[in-house]
Every structure is written in structure tokens, then in C-alpha cells.
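Step one of this worksheet: look at the structure below.
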Amino acid sequence: MNLQNIKQPFLKHFPGDFSKNPIQRNTPKVLFSTIDPVGFDKPKLIAFNEKLSEEIGLGKLNDNDLDFLVGNNLPENIKTYATAYAGHQFGNWAGQLGDGRAILAGEIENNEGLKTEIQWKGAGATPYSRHADGRAVLRSSVREYLMSEAMHHLGIPTTRGLSLCFTGENVVRDMMYSGNPQEEKGAVVVRTAESFLRFGHFELMSAQKEIDTLQKLADFTIKNYFPEITSEGEQKYKDFFQSVCTKTADLMVEWFRVGFVHGVMNTDNMSILGLTIDFGPFSMMDEYDLNFTPNTTDLPGRRYAFGKQGQISQWNLWQLANALFALIKDEKFLEETLNSYGSYFWETHDKMLCRKFGFDELKETDEEFFTNWQGLMQELQLDYTLFFNLWGKIDFITDFKTDFQKISYTILDEVKIRKIENFIEQYQSRLESNSISKEDSLNLMKRANPKFLLRNYLLFECIQEINEGKIEMLEKLTKALENPYEEIFPEFSVKRPPNYDDISGCSMLSCSS
């Protein structure tokens, strides 16, 4: 790989702690601390994303590149560091946080001028590890590597997975925070993104009243990642905030489109670029449930449940607005921008649902239609993805009870089947107002509705196999997630098997990694 092309411009622009001291501590008034990866004696490659490596300018994997993929024996041009940020966690101010398991190698630029940051996750402790060891287990590493790539191929803004490696050591984790810690195999993921900057970076500088650094950070972010912003002065920061709001709302709608539930939407897990970032106790939704959260830590309040993600993203943007107030100094603008966020989100959301149903445009009567659909989905516990795959074939269904029972997680009696039939009548009546052909309507649905999703039980099976030294499931899932709008493996197009309903890691998870 072209490791000599990796640079660290972030270190030249901002104040930092250059001591390389791994002792966990507060690092006031700085945005990063230099730190070395811990190093691993017996690493082993599990997976490598060749296409991504070529795209970002790293090139092909050589025999001696395994060291880089786990942070060993790095060339002199790679000055490694972890960034400091703050955040609100579950609605409460948590103060300084930072990259506790992540260490940055820097950024690389490809032949087209695209710059990409490269980061290890699980390569050792940093000053921001908060009494933890900075390692990661295989379980969480496989989930992040595969899910970030799945989101990319679904067409959703996301960080991406470059590689997945065993570290050769075991890591002790209490998977469900139940007082039962166990040894698990350690792993390192190399992940990439245009930038890993978060809401929390801005919150930290604002909280510490480091306004000059806050402004430099905003200027750096706008110059490098928001080239469309050409305004100056206070208006530049207003345009920046407005753009972040739009990108965030668009991301939330995309999550709703495919049924993705992040599980930990703290402000430190919110990308300033509107990327899906930090794959922890996430889940793709099986049965449709607006109140579903995959995170045991989120119980019983369900702050980050599927149906609340739009609302929570707005709350998080309020915290970003507070952080940027020193630069914008226009309370009315911020309030109006945030108050209009909901309108933009819901209009964009409903237009997305129109595409999923094959409607050419959003009509006033569609709100009632969507409400009826949501009620039907929840009452009948229908599988979100399989419902839309079946819906595209609705004209050819002759046995409603058999076909819908295959996608329901409850028993469908005759009363429930009649409700389905009534809704089909509503749908067909609505289709009559379409100004596009039936074929065009189906094409809208095909582009909006994936046939394959990386469900938690599939990840669970894959992790078990990798633990046993097998990679067949990994290779199969990789092929499927690269083609999510095709049904390459019909055996994946089924609802979650009942034997996985109560197994940890298949429906509910903790933040443990």
C-alpha cells in the first residue's frame, strides 16, 4: 500500500498534546493527543476491502502491509493521534470524551483529489479511553466492518471498513453488563471517512470557552468539507449550520428508509458531515416497531428507539447550535432553523415513503394512508423489509394468509387478514391517482426497497463461524451486502428465525465492545 502518502494536516492546524502519554486524563484546550498504537505480536488478516483501498489511493495490499492494518512498525511519516471531543450521552452532559478506542493515522489523497481519513479502532488505549483498555473484541469489530460497508452499498452516507484483523490476544468484556465478564478474541478494524469530526468536537471547544480554536475548527471544516459555502463572516457559519441540519435530516430519512436503528445517538456519535458513524448496538429492524431499540442500555426509556431518531437528531442539533452560538450570535436564526428542521424532515420522510410505495408524488391524503400503514405494520408485527418486497408483488398474490404469515412475527387470524385486504384496497385506490405507469411505479419501489439487509442474527452466525476459523459466511454476506437491491441468496430473504428471538446479539445488545 502507498503508506508514504498518508499525512496529518490536523496536527498542524490545532493545539494538541504531543507527549504520547497514554494515561487517561483531561486534556484541556487541545483537540488531540499524539499516541502510539499498542502493537500486537500475532495479528492475522480476516478481511481486506481491496476496492476501497484502490479508491482512496492506498492501492493494493502487499505481504508486509499486515503490520499497518493493526498499527505495528509504522513508517516515520505516520504520526498517530486521538482527538478530543465532548458530548451529551443519553441527554446528559458528559464533559470531555474523545477517541477512546480510535487512533488516527491521518489522511490520504487519491488521484482525483479526494481526501480520506484512516483510523484504527481497537489498537490500544488513548488519554480518552476512560478507564478502559482501548481494545476491541471480534464481535463488535465484525459488526462494524460489515455494517459500515452494508450502509455504503445501500447508498447511505457512512464511514467505511477497510480491513478486519485478529490481534492475537484475548480481551475481557461483560457483553450484557450482567456481572459476567468473559474472554473474547481481540480484533482491530481500520475504518475510513472523509472526516471523523463530530458535533462533540465543537461542543468541547465551546464548553471550554476556547472560541478562537472553535472558530478555527469551523473554518477548517467548511474549507475542507463544505466547498459549496462561499459566504464570509457570520453568514458563513450560518450557512454551515444550515447545511449540517440538512445533511443530518437527510441521513435520518435514509435510516428510516431501510429500517436502521443506531442505538446510541449521543452527540459525540453524530457526524458533522451527516455520516453514519460508530456502529455499536445497532440493528436493522425485523418486525416493524416505532418503539424498538436494540440497545439494552437504552431501556426502559427507549430514548433512541427507531421512531424517535428524527426527534433526537433535532435535539442533538440544538446542542450543536449552542456550541456554535459564539460564532453565529443570532438566536432568532438558530431557533428558526431548528424549528423548521421538523417540517423539512417530515416532508422528506413522507416523500421517501412515497417512493417505497411507488407513488409519483406526495399528496395531502398520504398522511392518513401512512398512518394506517404504520398501525397495520405494528399490530400485525410485519417484517419491515419483507413487507415491501412482498408489496411489489401484491397484484400476483392469491393466498394472502400464507404469504403474509411468512413475514409476520405473530399469528394472523381471519380478522387480521381482512385488515390486510382492506389496506390493499386503499393502496390500489391511491395508485389510481398516480400520473406514472405501473412499470415506473415498480421501478421507484425497486430503487427504494432493498431485498437484503444485514440482520443481527446473520451477523451473529458470521461471528460464530469466524471464531471457529471459518470465513464462508463472511464471504457470502459480503457478496450479499454489495448487492442489496438484488436477491442473490434467497435464504437471507426470510424473517428472523424464532430460535434467535432471545439470544443476546441477535436482537438486543449492549454498548460493550
Side-chain angles (χ1 to χ4, degrees), residues 154-155 253-260 284-290 292 306-307 349-363 365-453 455 480 483-496:
L154 285 165
V253 170
E254 285 295 284
W255 286 3
F256 274 86
R257 178 174 68 85
V258 301
F260 177 77
M284 287 296 191
M285 191 163 55
D286 294 315
E287 60 266 49
Y288 185 85
D289 183 1
L290 292 171
F292 170 64
F306 173 66
H349 172 275
D350 288 351
K351 287 180 178 178
M352 173 273 293
L353 281 181
C354 281
R355 295 192 298 276
K356 288 182 75 69
F357 277 103
F359 300 157
D360 58 337
E361 62 179 355
L362 180 64
K363 300 182 183 298
T365 56
D366 287 338
E367 182 177 352
E368 180 181 357
F369 176 85
F370 294 146
T371 299
N372 293 340
W373 164 73
Q374 287 180 331
L376 183 78
M377 293 290 290
Q378 295 223 174
E379 180 184 354
L380 275 57
Q381 297 180 34
L382 298 176
D383 188 283
Y384 183 57
T385 301
L386 298 181
F387 171 85
F388 282 103
N389 289 339
L390 183 60
W391 207 250
K393 309 170 186 174
I394 202 70
D395 290 344
F396 304 99
I397 294 177
T398 56
D399 187 347
F400 291 105
K401 187 168 187 177
T402 298
D403 286 339
F404 276 90
Q405 188 62 70
K406 290 178 181 178
I407 67 168
S408 173
Y409 291 85
T410 188
I411 301 299
L412 300 181
D413 56 24
E414 296 303 324
V415 174
K416 292 176 179 176
I417 292 299
R418 182 56 191 160
K419 289 182 178 180
I420 293 173
E421 293 173 341
N422 288 338
F423 184 72
I424 290 173
E425 292 176 5
Q426 295 177 42
Y427 175 67
Q428 291 173 334
S429 175
R430 169 62 179 84
L431 273 182
E432 292 177 1
S433 64
N434 259 5
S435 61
I436 58 176
S437 67
K438 180 68 174 179
E439 182 180 2
D440 289 341
S441 176
L442 287 172
N443 285 334
L444 280 177
M445 297 176 73
K446 288 177 181 177
R447 291 193 295 269
N449 298 314
K451 294 185 180 299
F452 169 79
L453 286 181
R455 299 172 188 258
N483 303 275
Y485 298 95
E486 302 175 32
E487 192 175 68
I488 296 178
F489 301 108
E491 62 269 31
F492 292 157
S493 296
V494 297
K495 64 185 179 185
R496 183 186 67 247

Here the gap from D399 atom CG to Q405 atom CD, rounded to the nearest 0.5 Å, amounts to 10.5 Å
Closest non-hydrogen atoms of L382 and S408, given as atom of the first, atom of the second and distance, are CD2-CB, 3.8 Å
With distance as the sole test, does N434 use its side chain to make a donor-acceptor pair with the main-chain N or O of I436 at under 3.5 Å? no
Practice task
Take the angle between the ring planes of F387 and W373 and call it parallel below 30°, perpendicular above 60°, tilted in between.
Solution key: tilted
query: Can you check whether F369's main-chain N or O pairs, donor with acceptor, with Q426's side chain at less than 3.5 Å?
result: no
Output for pair (M285 CE, L453 CG), nearest 0.5 Å, gives 10.0 Å
Under the side chain to side chain contact (heavy atoms under 4.5 Å, CB included) rule, what do N389 and E487 come out as? Steps first, then yes or no, please. CA-CA 10 Å; N389 289 339; E487 192 175 68; 5.7 Å; no
Tightest non-hydrogen contact, residues S441 and G358, listed as OG-O, 2.7 Å
Residues at least two apart in sequence or cross-chain that pass side-chain contact (heavy atoms from CB on, under 4.5 Å) with N422, listed by chain then number, are R418, E425
Note: H349 and V253 closest approach over all heavy atoms is N-CG2, 3.8 Å
Nearest heavy-atom contact between I420 and L376 is N-CD1, 4.2 Å
If you count every heavy atom of other residues, nucleotides or ligands that lies below 6.0 Å from K406 atom NZ, does the total exceed 12? no
- Message: Between the side chains of D383 and K495, is the shortest nitrogen-to-carboxylate-oxygen separation below 4.0 Å, so that they form an ion pair?
- Response: no
Task: Plane angle bin for Y288 and F306 - parallel if under 30°, tilted between 30 and 60°, otherwise perpendicular - done: perpendicular
Do other residues, nucleotides or ligands put more than 12 heavy atoms under 6.0 Å from K363 NZ? yes
Output for pair (M284 CE, R496 CZ), nearest 0.5 Å, gives 15.0 Å
Q.
Are F404 and L390 packed together at the side-chain level, in the sense that at least one heavy-atom pair is separated by less than 4.5 angstrom?
A. yes
Worksheet entry | Residues F370, C354; criterion side chain to side chain contact (heavy atoms under 4.5 Å, CB included); working and verdict | CA-CA 9 Å; F370 294 146; C354 281; 3.9 Å; yes
Between F357 and W391, what is the ring plane arrangement, given parallel below 30°, perpendicular above 60°, and tilted in between?
perpendicular
To the nearest 0.5 Å, atom CZ of R447 lies from atom CG of L442 at 11.0 Å
Original post:
Within a radius of less than 6.0 Å around CD of E421, do more than 12 heavy atoms belonging to other residues, nucleotides or ligands occur?
Top reply: yes
**OP:** Give the C-alpha distance, both sets of side-chain angles, the deciding distance and a yes or no for side chain to side chain contact (heavy atoms under 4.5 Å, CB included) between R430 and D366.
**Re:** CA-CA 8 Å; R430 169 62 179 84; D366 287 338; 2.6 Å; yes
F489 meets the ring-ring contact (aromatic ring centres under 6.0 Å, His included) criterion, sequence neighbours left out, with F492
Shortest non-hydrogen pair, I424 vs F400, comes out as CD1-CE2, 3.1 Å
Output for pair (T402 OG1, I397 CD1), nearest 0.5 Å, gives 10.5 Å
Would one find more than 12 heavy atoms of other residues, nucleotides or ligands at under 6.0 Å from atom CD of E491? yes
**Prompt:** Would you find more than 12 non-hydrogen atoms of other residues, nucleotides or ligands less than 6.0 Å from K446 atom NZ?
**Reply:** no
One should read off an interatomic distance between L412 CG and K419 NZ, to the nearest 0.5 angstrom, of 11.0 Å
**Message:** Check this for me, if you would: do K438 and D395 make a salt bridge, where the nitrogen-to-carboxylate-oxygen distance has to be below 4.0 angstrom?
**Reply:** yes
Close side-chain approach of L380 and Y409, heavy atoms under 4.5 Å: no
Residues passing the side-chain contact (heavy atoms from CB on, under 4.5 Å) test with K356, sequence neighbours excluded, are R257, M352, L353, Y384, F388, A448, N449
Could you tell me whether the side chain of R455 reaches within less than 4.5 Å of the side chain of T385, counting heavy atoms only? yes
Smallest heavy-atom separation, P450 atom then L154 atom, equals CB-CD2, 3.6 Å
